[in-house]
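Each remark here refers to the structure printed beneath this line.
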Amino acid sequence: MDEALARQLTDSQRRAVFHMEGPLLVLAGPGSGKTRVITHRIAALIDSGVAPYNICAITFTNKAAEEMRQRALSLGGSAGAHISTFHSLCVRILRRYADRAAISANFSIYDQADQLRCVKQAVKDRYLDAANFPPARMLEAIGALKNKLRDAESFAQEACDFFSRTLADVYRSYQNLLSERNGVDFDDLLMKTAVLLRDCPDVCSELSNRFKFVLIDEYQDTNYAQYKIAELLVSQHSNICATGDPDQSIYRWRGADIRNIMAFESDWPDAVVIKLEENFRSTANILAVADNLIAFNRNRKHKKLIATKPAGESVVLTAYEGEHEEAEAVARQIIELADNGAKLNDMAFFYRVNAQSRALEEAFVRSRIPYQIVRGVEFYRRKEIRDLLAYLKILVNPSDEIALLRVINTPARGIGKTTIDRIRAYAEQNRIGLFEAVKRSGKIESLSKAARARLAVFANMIAQFQEDLGGQGLPRACRGVAPLASRVLDESGMAQSLGAAGADGEVALENLNELINSAADYDKQTEQPSLLDYLQQISLFSDADAYDASSDCVRLMTLHAAKGLEFENVFIVGVEEGLLPHERSSAAESEEDLEEERRLFFVGITRAIARLHISYARYRTVRGQQLRTIPSQFLFELGPDITEQTEGSDYDYDGIDEDQSVESESIADFIPGQLVRHDAFGLGRIEKFVDMGANSVVSVRFNSGQTKSLMVKFANLSKVDM
DNA sequence: CATAGCCGCCTTTTT
DNA sequence: GGCGGCTATG
């Protein structure tokens with residue numbers, strides 16, 4: 001292990017790193033260097049003679065994996081260690097043990113758009129009304145089941161009420177659709193791997209013996225399936241090292257279960273637990289604000305944030321008139337900071353929902369501030385990109401009907417709905433796949449002569465592309481993905497048709513060229529490039545992976561994407577009720593959802609190194625309508641040590657509607673988040689205020705845990721200032 | 001069979 | 001406000 005780097009670690013970090021054998025849990029707050037502990041541990045393991053081949057590190061994003069790989073490499077050869085996300089690891093395992101997992105190795109990975117299509121189809125196939133069974137909801141429910149390793153059959157057996165039985169039906173149909181198409185969704189990757197390890201002891205022990213040391217970062221955001229995979233992977237040795245921070249768990253909605261990290265010590269009773277409470281990132285002021293906020297979470301183990309840096313500048317909270325004023329002001333501050341020597345790279349802007357990026361973008365464009373939106377998956381959602389990828393997908397996986405339907409008439413080649421319906425009918429009658437039916441179109445009598453000819457041309461074209469591939473759907477080693485993609489772009493007619501489509505077509509072609517460039521990068525960086533591997537890899541791309549630190553510009557991203565990053569200057573915008581906490585979480589009256597929103601804010605705050613600027617707007621345009629906003633209840637939880645600024649009018653929030661009568665105004669100034677005292681119930685916090693003039697009602701959550709609805713005029717509540 | 005235009009749906013966060 | 005699917009028309 002590198003001595004100079006080792007010296008940078010505190011005593012407890014060093015202990016964490018060097019405690020090699022057996023289970024180890026590193027419970028660490030933000031900015032404590034917990035990821036660094038993993039990196040150093042990898043280096044230390046290798047230094048003590050462990051073969052890199054025997055090490056498996058699991059990160060949360062591909063980007064994090066990439067960084068860890070490089071850092072571990074710089075600490076002394078870690079080449080050969082497996083460092084990836086859970087999902088990438090699962091792809092590797094499922095490809096390797098495809099026969100044992102009862103799938104075919106050339107599976108397509110379906111993203112949420114593909115998943116939604118399949119669920120819609122499944123709902124339709126069950127003759128259900130999409131209005132009563134919204135595909136998005138069904139998909140969410142199916143995902144939740146998969147995360148708990150519940151398959152359609154076992155769920156169907158236990159389903160007793162109408163909704164559950166219907167869900168079970170849809171789940172089963174959906175799964176059938178996927179397997180007919182040789183597709184797996186994101187949750188399947190985890191579930192199939194967990195089930196494989198669980199049900200095939202030989203595979204499990206083989207992998208557990210290969211990965212003699214398993215290290216997992218961001219353990220607080222693992223779901224049950226991931227937990228199970230981890231548990232099975234270390235079944236032969238218990239050499240599991242997990243790091244995480246329960247206060248930074250922000251993926252509960254996706255199945256992440258905070259209990260995994262909470263129960264680590266009982267899962268592995270001989271675990272060594274190391275707490276890293278020192279924060280090496282943020283100023284004391286920023287940490288104090290974070291600490292104040294997170295203390296409002298009741299479902300939490302108290303943890304101290306210990307600052308190692310001086311107080312620094314105070315955290316600034318600003319109220320703006322509208323989202324445009326907010327954006328303009330923020331742009332001015334960028335320029336001011338830059339004038340004082342700050343680098344654009346050191347500035348980041350966080351928001352709750354992606355739609356909020358627009359106002360910022362507009363302002364930055366006007367002010368000529370270079371910016372980058374950290375949103376990698378967006379690129380892959382573009383129509384032209386999906387189209388070209390769909391061509392590549394059917395080459396590898398001809399059963400991928402979704403891909404086939406995407407390209408069969410793209411660009412338009414006279415194969416319309418009628419033709420497709422007839423092919424499908426034929427395919428169903430003969431119990432063959434759609435692509436197989438296309439190949440046999442000459443024998444389909446219902447088709448017109450012209451349609452048959454067009455289909456023959458299409459099938460022939462695909463066959464030509466496929467000739468470039470080895471028999472197994474893998475390209476011959478000598479050929480890369482990029483040349484193939486380029487050839488498909490030209491010969492499919494896509495290039496020509498886009499070239500004739502004017503300005504939009506030009507943009508599309510540029511995007512496609514970018515895709516081909518990235519494929520060329522892949523070809524260069526991969527030892528044995530294969531189309532299958534390429535397609536599966538880019539399916540697992542995440543937003544955070546688009547973060548490119550090398551270009552000098554400011555970053556815009558959601559609070560979720562900010563996880564794991566740090567910036568000198570952080571701006572968190574739009575901290576309003578309904579946005580943060582988001583209405584979809586607090587509306588459910590679930591305290592757990594609310595606490596997750598608070599953690600999300602906490603994550604954002606603790607990204608800041610030196611300066612933190614929090615803001616909200618009094619008016620915000622939502623769905624085209626300008627609405628009065630309410631400052632987030634979280635703003636009242638930041639403590640006294642912040643500097644409040646106003647732009648436009650007063651900071652103090654002055655009621656739901658300024659035009660209210662004087663009489664009701666005196667009552668109406670209870671806003672959610674306000675601390676109040678009640679003679680009988682004690683301290684509480686306003687949750688809801690229903691304005692009915694003199695008969696206004698408030699709902700208050702008291703510290704005793706109970707929530708009461710009270711008439712303001714009788715309750716005799718007194719405001720408590722923080 | 002293609003295209004244009006209209007209607008209606010969704011709209012949190014993401015591997 | 002934006003996209004996707006559906007329908008009417010050429």
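Below, read A as the first sequence line, B as the second, and so on, with proteins coming before strands; counting in each chain starts at 1.
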Taking only nitrogen or oxygen atoms into account, show me every contact under 3.5 Å that the protein makes with nucleotides 1-4 of chain B, one pair per line with its distance.
{"unit_1": "B/dC1", "atom_1": "OP1", "unit_2": "A/Thr419", "atom_2": "OG1", "d": "2.2"}
{"unit_1": "B/dC1", "atom_1": "OP2", "unit_2": "A/Thr418", "atom_2": "OG1", "d": "2.8"}
{"unit_1": "B/dA2", "atom_1": "OP1", "unit_2": "A/Gly414", "atom_2": "N", "d": "2.8"}

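Residue A/Arg137 is classed as having no contact, given no heavy-atom separation below 4.0 Å to the nucleic acid.
Under 3.5 Å, the side chains of A/Asp111 and A/Tyr380 contain no donor-acceptor pair of N or O atoms. A/Asn62 and A/Glu66 are not linked by any side-chain donor-acceptor pair at a separation below 3.5 angstrom, with hydrogens and angles left out of the test.
A/Ser615 has its side chain out of reach of A/Phe571: every pair of non-hydrogen atoms, C-beta onward, lies at least 4.5 Å apart. Within the 4.5 Å cutoff, side-chain heavy atoms of A/Arg620 are placed close to those of A/Leu579. Looking at heavy atoms from C-beta onward, A/Arg252 lies in side-chain contact with A/Asp593 at the 4.5 angstrom threshold.
Classification of A/Arg95 and A/Asp533 as a salt-bridged pair holds, one side-chain N sitting under 4.0 Å from a carboxylate O.
Judged by a 6.0 Å distance limit and a 45° cone about the ring axis, A/Arg628 is positioned over the six-membered ring of A/Tyr619.
Residues meeting the side-chain contact (heavy atoms from CB on, under 4.5 Å) test with A/Asp421, sequence neighbours left out: A/Lys417. With sequence neighbours left out, the side chain to side chain donor-acceptor pair (under 3.5 Å) criterion links A/Arg424 to A/Glu401. Applying the side chain to side chain donor-acceptor pair (under 3.5 Å) criterion to A/Tyr97, with sequence neighbours excluded, gives A/Glu206.
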Heavy-atom protein contacts under 4.0 Å, nucleotides 9-15 of chain B, coded B base, S sugar-phosphate only, - none: --BBBBB

Scan nucleotides 4-10 of chain C nucleotide by nucleotide, 5' to 3', and note B when protein non-hydrogen atoms come under 4.0 Å of the base, S if they reach only the sugar-phosphate, - if neither. -------

